[in-house]
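Down below is the structure, laid out as structure tokens.
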Amino acid sequence: GQSLEQPSEVTAVEGAIVQINCTYQTSGFYGLSWYQQHDGGAPTFLSYNGLDGLEETGRFSSFLSRSDSYGYLLLQELQMKDSASYFCAVRDGSGNTGKLIFGQGTTLQVKP
Amino acid sequence: DVKVTQSSRYLVKRTGEKVFLECVQDMDHENMFWYRQDPGLGLRLIYFSYDVKMKEKGDIPEGYSVSREKKERFSLILESASTNQTSMYLCATQRDEQFFGPGTRLTVL
């Protein structure tokens, strides 16, 4: 079967660093994406890793190790507005024909 | 600016009713998707479409059908709504990343 595993909940304090892990087992792999969803809102794209290594976008970074079927999202200098759900997703096909397989999501609570 | 719209934010229907959820995009994307989102279960793919008049089943198509008559519009149909179809329904388009609509929270009584 196809599955993605990520922690269900993470709590951290403002200003801290938090890492959300994602392990996957899928029949096809064409990259790992991360999406953020605030309560009551729609998921929005954060980052994409097609190759091994670290991708940095401001306070957020995402890492991929294809040999370990593992990735993580790193959030630095946490702010209250970062409280949200974070989903990892594997693309199972190349180009525009691939669809995404989503993990169950990690709820991040940032405390003052 | 990318825009995906869904016909309703909130919808209440009765068991057995036929329900239409509409999704419209203005990005000229070929790929469109329908998901349902339930607590603890993440986003589950119902149906998707890579082109006009083309449709593919996702992971949970039972009880649903779709229609893609025009490139910009992808409709999800519940032929006979049931209480277990109470959920948040999200439409998305894709070119590299996915762009989501605001969602429709459907309650079936």
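What you see below is based on every heavy atom in this structure, not just the backbone, and it leaves out hydrogens, waters and symmetry mates. For clarity, every value in this text was computed on a predicted model and none was experimentally measured. By convention in this document, chain letters (A, B, ...) are assigned in the order of the sequence lines, proteins followed by strands, and residues within each chain are numbered from 1.
Of the atoms belonging to Y48(A), not a single heavy atom falls under 4.5 Å from chain B.
Atom CZ of R59(A) sits in a crowded spot, with more than 12 heavy atoms from other residues, nucleotides or ligands closer than 6.0 Å. Counted within 6.0 Å of NZ on K71(B), heavy atoms from surrounding residues, nucleotides or ligands total more than 12; the atom is thus considered enclosed. Within a 6.0 Å radius of CD in E56(B), more than 12 heavy atoms belonging to other residues, nucleotides or ligands are found.
The disulfide (SG to SG under 2.5 Å) pairs that include a residue from residues 17-109 of chain B are C23(B)-C91(B), where partners are two or more places apart or lie in different chains.
Both L78(A) and L46(A) belong to a common hydrophobic cluster when Ile, Leu, Val, Met, Phe, Trp and Tyr are linked at side-chain heavy-atom distances under 4.5 angstrom. In the hydrophobic clustering of this structure, L108(A) groups with L32(A); members are Ile, Leu, Val, Met, Phe, Trp, Tyr whose side-chain heavy atoms approach within less than 4.5 Å, directly or through other members. L51(A) and L73(A) are assigned to two separate hydrophobic clusters, defined by single-linkage of ILVMFWY side chains at heavy-atom distances under 4.5 Å. There is a path of hydrophobic side-chain contacts, each under 4.5 Å, that joins F74(B) to L21(B). Each of F48(B) and V90(A) belongs to its own hydrophobic cluster when Ile, Leu, Val, Met, Phe, Trp and Tyr are linked at side-chain heavy-atom distances under 4.5 angstrom.
Nearest heavy-atom pair across K99(A) and F33(B) is CB-CE2, 3.7 Å.
Rounded to the nearest 0.5 Å, atoms CD (E97(B)) and OG1 (T44(A)) are 9.5 Å apart. Separating the OH atom in Y35(B) from the CG atom in L100(A) is a distance of 5.0 Å, to the nearest 0.5 Å.
You'll find the ring centres of F99(B) and F45(A) outside the 6.0 Å limit.
For residues 36-47 of chain B, a heavy-atom distance under 4.5 Å to chain A picks out Q37(B), G40(B), L41(B), G42(B), L43(B), L45(B), given by residue number. Contacts between residues 34-42 of chain A and chain B, defined by a heavy-atom separation under 4.5 Å, are made by Y35(A), Q37(A), G40(A), A42(A). For a heavy-atom cut-off of 4.5 Å, chain A lies close to F100(B), G101(B), P102(B) in residues 100-109 of chain B.
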